[in-house]
Each structure stands twice: as structure tokens, then as C-alpha cells.
Amino acid sequence: MAGRQAVRRLIVGVSVAPCLSVTATVVENAGPLAAAAPQRTQPQKQQQTQPGQQQQRSTIPTNLDPTTKKECVGSRFATLGVIFESVFDALLPILPAQVKKDAPAIKARARADMRKAKISTLWVSNHPYDMGASDADPIMRYRDPISQFIVTQLVRIRSGETSHAISLDNLTLAQAVETVYTYLYVTVLVPATIFRRSVPKLLDVGPIGLGTLISIPIILGVVGVNQLYKRMSVNLTMACIASVTKAEKENAGKAEKDLRFAWAVHPMLRDVANEVSVADAENCRHIGTLPLKRIVTRTSNFLAKTNPQIAPQLKDVTRQLEVYMRNTRVHQNAIPTDPADFNTAEWILSQVSYMIPYVGGAPIEAIIGLHRNHLDGLDFRETVPLSELTVSHTITAAYYAYGLTAHMVELVWSLGAPDPATQLFGDIIDPGMIPNLLPKTTGILTAPNYYGLVVYHNVLRSICLDEDRTGPNIDNGTKFNHRRRGIVHW
């Protein structure tokens, strides 16, 4: 009896589709794979036992047992613990005999260690699908790893999960992919982008400089990694990766119930999170679509509520500003299309243009944006009051204005104007060689635009105000509140 109990404890799940088999082919065909995922719902009859013979318990691994109800799931519900066992069992036939013998104990120890490793949910980024988003929602188009991480934390603060912990064993593959890519993006891809925009000319190699040749593989690598991530991020959620039970699926990615970290969220940040939720294409338009007059009104009301002593002055200033905005008209279609709305060819051209001397970068990007407006049939003579200009139009205009200004500053320096770097190294290096040896200022000057303003814009296009919500997000079907109580009303 003791031997049978030991066997019973060592029985573990085996995935029908090991994680290592998720290759480019699987990614391309994720939809059909998900549709063909086997689901066992009808248990088979157990074999009849002969008289005088005790019924033997099956030693079939749980995931392959026809009497167990299983579902093949994608990265949203496949946890790292389940994937570890799937990979281990897939490799078991080629492992040494001693490892095969100790396989149950090895897996049990590994899973135990993974359960002991706890991670704060504030360090984990979720896929938009896990926040109730659908393919048509703005967050699926307007996102970068940093903005998605910020939206994830706002959702967690709103739901009261700011101090929760999740075990490594229960972390889903989708959470792992999004989180790892976020830190890879911040620590590798962003510095690499700044570096390749800062590489000096060095030496002339035919019609181009050596620095340009060095930057080409960097830009190709960054673009390639970004495109691979975008494809895998969505398609892994639809792939058939691991087979799990209903209980495992419901618990996947959930935080520990009895463990909390001592994190304190600033009250103002908590109130902001309580005012917003993930934007829905049909039921809650994102903040980027709101007119400036509404933002001014909300800001004024917030300042008046938090500073009652200056409320009369604020009201007077707000009235004057509203009059000015109504009487000032702007050519909104003269603002180039945001780079996030470029098609693939336009986006690649804008990125490659940064390697073109003098005119490359922001000027060509602006020309591409204006050409996109022309192709869309927009009237460049049309004007609207400044009060009706949307938040997205305003931020896009600021993006191009900053980019063109930074480009002009760098161009002036490259044509011989006093450059701080030239003055600093003029006594050490031959002034004629400085432009070829010192890093270009493009990377540093444009970094706040790409990794500050763009991130902020993506966050605003990913969330909406609760008071604008007319229904729940399509995918999660949860209840919603038109208003959440909070201090901040912006």
C-alpha cells in the first residue's frame, strides 16, 4: 500500500505540446492550432477487474489520462510550472537512465522551488488580453513595453492588487514574455537605439561613413526584435502550448492569497487609477480623442477643488483661456500623421531615414506624415477652433515640433556652430577631426521625445475616463461603474 501511495504522489501532468516546439511556424499558424486543440470531456470506462484481483491504479501521467478533463491552452493560461514539466517530459527520452529514474523527484523539487520564488505583481506586466482588451481596442495598436507596463499597474492599483505576490510556478507564459521584454526594452533596446543615433562618422567608406555602417546592423536588430515580439505576443496566446485542467486554467497568473508586500501607493496615483480603465473601441473612447476644452475644464475643476483659496482666480483664468481657445483656429490636418499610424513601409522608411545626412530623421518623418494625410484625403485648408483640437493631435504636433527643433540644433552644430563638445575637446583633439570622432547629439536630444512623450501618448490612447464608459469591455464582460469616487478629476 505504501508503494502505491508513493506512485500516486509522483504522478504529474504531461503537456501534449512542449513549449520548445513553439517556433516561427507555430506562431504563424497559431489560430488553426488553437482551433484544433483537443478537449477531452467524455471519460472512458475503466477496465473491469477480475475476481480476486485488486484494481490497479493507473500510472498514466495526468495530462495523458483519458479520464481527466483537459484543455490545450495558449500563453495566457499556460504557467511556467506546467511548461517546465512539458519540456522536461519531452526531453526525458534522450536523458541518462539515472535522470529518468529520478525524474519524478527532480520535477517535484523544481516545482517546489518555483513555488517558493515570489514576485511582486508591481514588477509584472500583463498582456492587453488579460486586461479585458480585444484586437480592436486602442491598446493593441498604441502600445510600447513601457506604456503597457504603466497601464498594467494602473489596472492593478484600481483592483487593489498593489501589494500582492505571485509565485514563479504560477506565472503565465504571457506574463513572462511581456515582463521580460519590458526589461529587455529598457536595458538593451532603448540604449541601443540611442547609441546607433549617436554613432559619429568616424571614417569615410565610399559615399557613407564608417559610423553609418556600424549603425545598420543595430537598427536591423532592434527592428527585428520588435517585430518578433509583436508577432509572438499575440499569436502565443492563441497557440496550443500546454494541456491544463479547469482549476489550473482558472488559477493561472493569479496572485498568492495569503502573502502581501508592504507597498504603499501614493493617494493621488490611486485616485487617478480609480478614474480610468482600459479603453474600449465600442464602449469607452480613449483620452486621446477628447477635445482640449474638456481637459482644461477638468484640470481647472481639480485645482479649484484641491485649492479652494484660489478658486475664484482659477475660474477667471479658465474663462479667459476658453475664450482664447474658441477664437483661435488651427489647421489640424497640417499636423502630420502620428508615426504610430504609419503602415509598415512608411515606418521602415522613417527609421532608415535617420541614416541620411542633413535631411534624414525628423524632416523626412514629417514629410511621410503629411503624405499620409494627403493619401487619406484630408483637406489641408480646413481649420478648427483650438478648443476642439484633440489631445492626440496636440501631442503629435508637440512630437514633430520637438523632433524638428532637435534636428535643427544638431544640423547647426554639424555645420560649424559652437558645439559644447567641440569647446570641451578642442584643446585635446584637432578641431577638424572632432565632427568625425565625437558622438552625434541626435541620440541624446531625441531620447525625451521617443521614450517620454511617445510613452505618455500611448498611455493616454490606451485608457479612457470611466464617466465616458457606456458598457463593459467586450472580452471580459465585467460590470462597470460610470464614476469611481476619488479626489482627482482631470
Side-chain angles (χ1 to χ4, degrees), residues 27-31 33-35 73-77 124-156 158-159 172-182 184-185 189 223 225-239 241 253 276-290 337-348 372 390-392 395-396 450-451 454-466 468-478 480:
V27 170
E28 290 290 342
N29 299 280
L33 281 174
V73 296
S75 59
R76 289 181 59 194
F77 305 105
V124 177
S125 184
N126 279 348
H127 191 281
Y129 288 167
D130 292 325
M131 294 184 281
S134 65
D135 289 332
D137 291 343
I139 192 174
M140 296 300 296
R141 180 177 183 86
Y142 304 112
R143 63 169 173 145
D144 59 84
I146 302 176
S147 68
Q148 183 174 307
F149 180 82
I150 293 174
V151 174
T152 298
Q153 304 318 317
L154 288 175
V155 171
R156 286 207 171 102
R158 178 188 173 111
S159 61
T172 65
L173 179 60
Q175 290 174 323
V177 168
E178 301 300 328
T179 304
V180 169
Y181 187 75
T182 297
L184 176 68
Y185 183 83
L189 298 185
V223 171
V225 172
N226 280 328
Q227 293 303 313
L228 178 62
Y229 156 73
K230 290 179 180 179
R231 184 174 293 274
M232 290 182 61
S233 176
V234 175
N235 290 344
L236 280 179
T237 64
M238 300 182 292
I241 295 177
V276 301
S277 59
V278 178
D280 191 305
E282 294 189 7
N283 298 318
C284 196
R285 58 177 183 168
H286 63 81
I287 294 177
T289 63
L290 302 182
T337 297
D338 190 277
D341 293 315
F342 288 174
N343 58 36
T344 303
E346 291 169 340
W347 184 80
I348 293 176
R372 169 50 51 191
T390 65
V391 172
S392 280
I395 296 180
T396 301
Y450 285 92
Y451 308 111
V454 170
V455 172
Y456 176 66
H457 196 185
N458 285 338
V459 170
L460 293 184
R461 289 183 291 196
S462 299
I463 59 177
C464 67
L465 299 174
D466 268 0
D468 293 336
R469 183 171 290 284
T470 60
N473 280 23
I474 298 174
D475 274 11
N476 60 11
T478 55
F480 66 97

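Quick caveat: nothing in here was measured; it's all calculated off a predicted structure. For reference, positions follow the sequence shown, starting with 1.
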- Could you grab the distance from atom CD of Glu178 to atom OG1 of Thr152, nearest 0.5 Å is fine? 8.0 Å
- Can you list the residues that meet the salt bridge (Lys or Arg N to Asp or Glu O under 4.0 Å) rule with Arg285, with sequence neighbours excluded? none
- Item | salt bridge (Lys or Arg N to Asp or Glu O under 4.0 Å) involving Asp338 - partner list, sequence neighbours excluded | Arg461
- Message: Going by the rule side-chain hydrogen bond (donor to acceptor under 3.5 Å, both in side chains), which residues pair with Ser147 if we only count those two or more places apart in sequence or in a different chain?
- Response: Asp144
- Side chain Asp137, main chain Ile139, donor-acceptor under 3.5 Å: no
- Contacts of His457 that satisfy ring pair (Phe, Tyr, Trp, His ring centres under 6.0 Å) - sequence neighbours left out: none
- Message: With heavy-atom distances below 4.5 Å as the criterion, would you say the side chains of Val391 and Thr289 are in contact?
- Response: no
- State, with a plain yes or no, whether a side-chain heavy atom of Val155 is found less than 4.5 Å away from one of Asn126. no
- Task: Could I get the full list of ring pair (Phe, Tyr, Trp, His ring centres under 6.0 Å) partners for Phe342, not counting sequence neighbours?
- Result: none
- Query: Rounded to the nearest 0.5 Å, how far does CD1 of Ile395 lie from CG of Leu460?
  - Reply: 5.0 Å
- Contacts of type side-chain hydrogen bond (donor to acceptor under 3.5 Å, both in side chains), residue Thr337, not counting sequence neighbours: Asn373
- Task: Go through Asp341 and Tyr142 one step at a time and tell me if the side chain to side chain contact (heavy atoms under 4.5 Å, CB included) criterion holds.
- Result: CA-CA 9 Å; Asp341 293 315; Tyr142 304 112; 2.6 Å; yes
- Query: Just how far is it from atom CG of Asn235 to atom NZ of Lys230, taken to the nearest 0.5 Å?
  - Reply: 13.5 Å
- Message: My understanding is that only residues two or more places apart in sequence, or in another chain, count here; which of them pass ring pair (Phe, Tyr, Trp, His ring centres under 6.0 Å) with Tyr185?
- Response: none
- Message: Taking side chain to side chain contact (heavy atoms under 4.5 Å, CB included) as the definition, give me every residue that meets it alongside Val234, ordered by chain and number, with sequence neighbours left out.
- Response: His127, Tyr129, Met140, Arg143, Met238
- Query: Do the side chain of Ser159 and the main chain of Arg156 share a donor and acceptor less than 3.5 angstrom apart?
  - Reply: yes
- Item | Sequence-distant partners of Leu228, side chain to side chain contact (heavy atoms under 4.5 Å, CB included), two or more places apart | Met232
- Query: For Cys464 and His286, which heavy atoms make the closest approach, and how far apart are they?
  - Reply: CB-CA, 4.1 Å
- Item | Under the side-chain hydrogen bond (donor to acceptor under 3.5 Å, both in side chains) test, residues paired with Thr172 that sit two or more places apart | Gln175
- Query: Of the non-hydrogen atoms in Val278 and Val151, which two are nearest, and what is the gap between them?
  - Reply: CG2-CG1, 4.2 Å
- If you look at every heavy atom in Pro138 and Ala281, which pair is closest and at what distance? CD-N, 4.2 Å
- Message: Working to the nearest 0.5 angstrom, can you tell me the gap between Ser462 OG and Gln148 CD?
- Response: 8.5 Å
- Set of side chain to side chain contact (heavy atoms under 4.5 Å, CB included) partners for Val223, sequence neighbours left out: Ile219, Gln227, Trp347
- Give, for atom CG of Asp466 and atom CZ of Arg158, the distance between the pair rounded to the nearest 0.5 Å. 4.0 Å
- Is there a side-chain contact between Asn458 and Val455 (heavy atoms, below 4.5 Å)? no
- Quick one: side-chain hydrogen bond (donor to acceptor under 3.5 Å, both in side chains) partners of Gln153, sequence neighbours excluded? none
- Item | Reported CG-to-OG1 distance for the pair Asp280 and Thr470, which is rounded to 0.5 angstrom | 8.0 Å
